[in-house]
There are 2 protein chains.
Amino acid sequence: MASTASVKAPFDREVQFAAKKRAVILSAASAFRRRGYHNTSMTDIGKALGLTKAALYYYVRNKEEILFESHLMAYDSMDEILKNSQPCGLTGLDHLESVFRQFVDLLTQSGVSLLTDVDSLSGEWKTQILARRNTIEKRVIRLVKRGQADGSIRDGDARLHVFFFMGALNWLNAWFDGEGRLQGKDIADHFALQLRHGIST
Amino acid sequence: MASTASVKAPFDREVQFAAKKRAVILSAASAFRRRGYHNTSMTDIGKALGLTKAALYYYVRNKEEILFESHLMAYDSMDEILKNSQPCGLTGLDHLESVFRQFVDLLTQSGVSLLTDVDSLSGEWKTQILARRNTIEKRVIRLVKRGQADGSIRDGDARLHVFFFMGALNWLNAWFDGEGRLQGKDIADHFALQLRHGIST
DNA sequence: TAAAAATTCTACTATATAGTCAAATTTATA
DNA sequence: TATAAATTTGACTATATAGTAGAATTTTTA
C-alpha cells in the first residue's frame with residue numbers, strides 16, 4: 001500500500017538508508033560538477049555532509065561508484081523526461097523544444113548535475129554510462145528526424161543539429177550558478193528560443 | 001632579419017628547444033582533451049612522444065605548467081582570430097559567424113584543444129586562465145551587441161546568446177574525432193548555419 | 001678527436017588520497 | 001534498562017604518480 005508505506009517511511013530503515021545514500025550521491029555530484037571529480041576528495045564529500053570519509057564507505061563501495069551513480073541519476077531523469085513527454089498533436093519542433101526546456105529546468109532547478117568525466121570510470125561502468133548517454137542522444141536525434149519529416153525542422157545532419165544544442169546543455173554545468181543573476185526559468189526561455197530558431201524551417 | 005632567422009632556425013638551439021616544448025604541450029593537450037587531465041599521467045605524455053617521464057622535466061617545470069600552457073595555446077589562437085577578423089563592412093551577424101567558423105576550424109583542424117579543467121590549476125595560474133577566458137567571452141559578447149545594434153542580431157541577453165553557441169564549441173571537444181565520418185569543414189558549415197539562424201532577426 | 005653542452009635515462013623519494021578495520025558511539029528493540 | 005543493530009569514527013595501510021638526482025648518452029663545437 002503506497003499510503004501506508006509513505007507514512008511508515010521515516011521509520012523504515014531501508015528507506016532511510018536509501019535516502020542517505022542518495023544525499024551522498026547528490027552532494028558529491030554537485031561538487032564534481034563544480035570542481036571536477038579528481039579535485040574532490042572523499043574527505044571533501046564527507047565534510048560537506050558533516051561526516052567523516054570513513055562513514056561514506058558505509059553507503060558506497062568506492063569513489064567510482066559515486067561517480068557512476070551521479071551519471072545514472074542525471075540520465076534517469078532525462079529518460080524520465082523523454083518518456084513522459086508525449087508528442088500528442090505537437091509538431092516535432094514543439095515536442096523537441098518542450099523536452100529541451102525540461103532538460104534545462106532539470107539542470108538549473110533540481111540539483112541534478114550532468115557530468116562529463118566519463119573517462120574516470122573503468123571497464124563495465126564506463127561502458128554502461130556511455131551506452132546510456134548514447135541512448136538518450138539517439139532518442140533526441142529521433143525527435144529531430146521526426147520534426148524534419150513533418151516539415152517543422154530544417155533539413156541537415158540530425159546528429160549535428162543535436163550536438164549543437166546539447167553542447168549548450170553541457171556547457172550550462174560549467175557556468176551556471178544557482179546564486180547568480182540569471183534565473184533558471186529565464187535561461188530555459190532563452191535557450192528554447194535559440195534552439196527553435198536555430199533549427200526550425 | 002626575418003629571412004635569415006628562419007633559414008638558421010633549424011640550427012638555432014633556442015628555436016629547437018621551443019619547438020620541442022611546444023610539441024610536448026600540444027601532445028599533452030590532445031591527451032587531456034580526450035581522457036582528461038588527471039587520467040593522463042606524465043608517463044603517458046612522455047610515451048606518446050617516445051620519451052621518458054623524466055625527460056619532460058627538461059622542458060617544463062611541472063605537470064600543471066603543461067595544463068596552463070595548453071589553455072594559453074587555445075586562448076592565444078582565439079585572440080588571434082578575434083584580432084585579425086575585421087568588421088570591414090560586414091553586419092555584426094556576418095562578422096560573428098566568420099569568427100565562430102574560424103573557432104570551429106581551429107578546434108577541428110589545427111590540433112589545438114579547448115580544455116575545461118580549469119580547477120586543476122592553482123592560484124595565480126587559475127586566475128590568469130579564467131581572466132583570459134573572460135576576455136574572450138566579453139569580446140564575443142561585444143560582437144553580439146554590435147549585431148543587435150545594427151539590427152542583424154535578435155534582441156535578448158547577449159551573454160545568453162553567447163553561452164548557447166559557445167557551449168557547442170566546448171562540447172565539440174568531447175565528441176569530435178579527427179578520424180570520424182564528420183569532417184571539420186562540414187561541421188563548421190553546419191554550426192555556422194545553426195548559429196546564424198539561432199540569433200538572427 | 002677531445003672537450004663541452006644538450007638531452008635523455010635509470011632508479012629513486014615524497015606525497016596525496018583512496019580504502020580498511022576494529023573499536024566507539026548512537027539509535028532502536030525486548 | 002539491557003541487548004542488539006545500525007552508524008560513525010580514529011588511526012591505520014596501500015598505491016599511484018608527481019617530481020628529483022645524478023649518471024649515461026647523444027649531439028655540437030673547437
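It should be emphasised that the depicted structure is a prediction, and the values quoted were computed from it without experimental measurement.
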Could you work out which one of dA18(C), dA18(D), dT8(D) sits closest to the side chain of Lys63(B)?
dA18(D)

Give a yes/no answer on whether the side chain of Tyr58(A) brings an N or O atom under 4.0 Å of OP1 or OP2 in dT7(D).
yes

Rounded distance in Å - CD (Glu64(A)) to P (dA18(C))
12 Å

When you measure from the side chain of Asn134(A) to the backbone of Ala131(A), do you find a donor-acceptor pair of N or O atoms at a distance under 3.5 Å?
no

For Glu14(A) and dT7(D), what is the distance between atoms CD and P respectively, to the nearest whole Å?
11 Å

Need one value for Thr52(B): base, sugar-phosphate or nothing, where a base atom within 4.0 Å counts as base even if backbone is also close, heavy atoms only.
base

Measure from the side-chain heavy atoms of Met42(B) and tell me the nearest of dT7(C), dT7(D), dA18(D).
dA18(D)

side-chain N/O Tyr59(A) vs dT7(D) OP1/OP2, d < 4.0 Å:
no

For Tyr57(A) and Ala54(B), take the nucleotide of DNA chain C holding the closest heavy atom to each; which residue's nucleotide lies nearer the 5' end?
Ala54(B)

If I take atom CZ in residue Arg61(B) and atom P in nucleotide dA18(D), what distance separates them, rounded to the nearest angstrom?
18 Å

Length of the line joining Lys47(B):NZ and dT17(D):C1', which is rounded to integer Å
13 Å

Nearest whole Å is fine: how far is dG19(C) C1' from Leu56(A) CG?
11 Å

Salt bridge or not for Arg34(B) and Asp119(A), using N-O below 4.0 Å?
no

Selected nucleotide, minimal atom distance to Ser41(A) side chain, candidates dT17(C), dT8(C), dT7(D)
dT17(C)

Report yes or no: is the cationic atom of Lys63(B) (NZ for Lys, CZ for Arg) under 6.0 Å from the centre of the six-membered ring of Tyr37(B), at an angle within 45° of the ring normal?
yes

Has Gln148(A) got a side-chain atom pairing as donor or acceptor with Arg154(A)'s backbone, closer than 3.5 angstrom?
yes

Separation of atom CG in Asn62(B) from atom P in dT13(C), rounded to whole Å
22 Å

Would you mind checking if Asp79(B) and Arg139(B) are paired as a salt bridge, meaning a charged N to carboxylate O distance below 4.0 Å?
yes

Please report the distance, rounded to the nearest Å, between NE2 in His38(B) and C1' in dT17(C).
12 Å

Which whole-number value in Å describes the distance from Lys20(A) NZ to dT8(D) C1'?
10 Å

Looking only at side-chain atoms of Ala55(A), point me to the closest of dT8(D), dA18(D), dA18(C).
dT8(D)

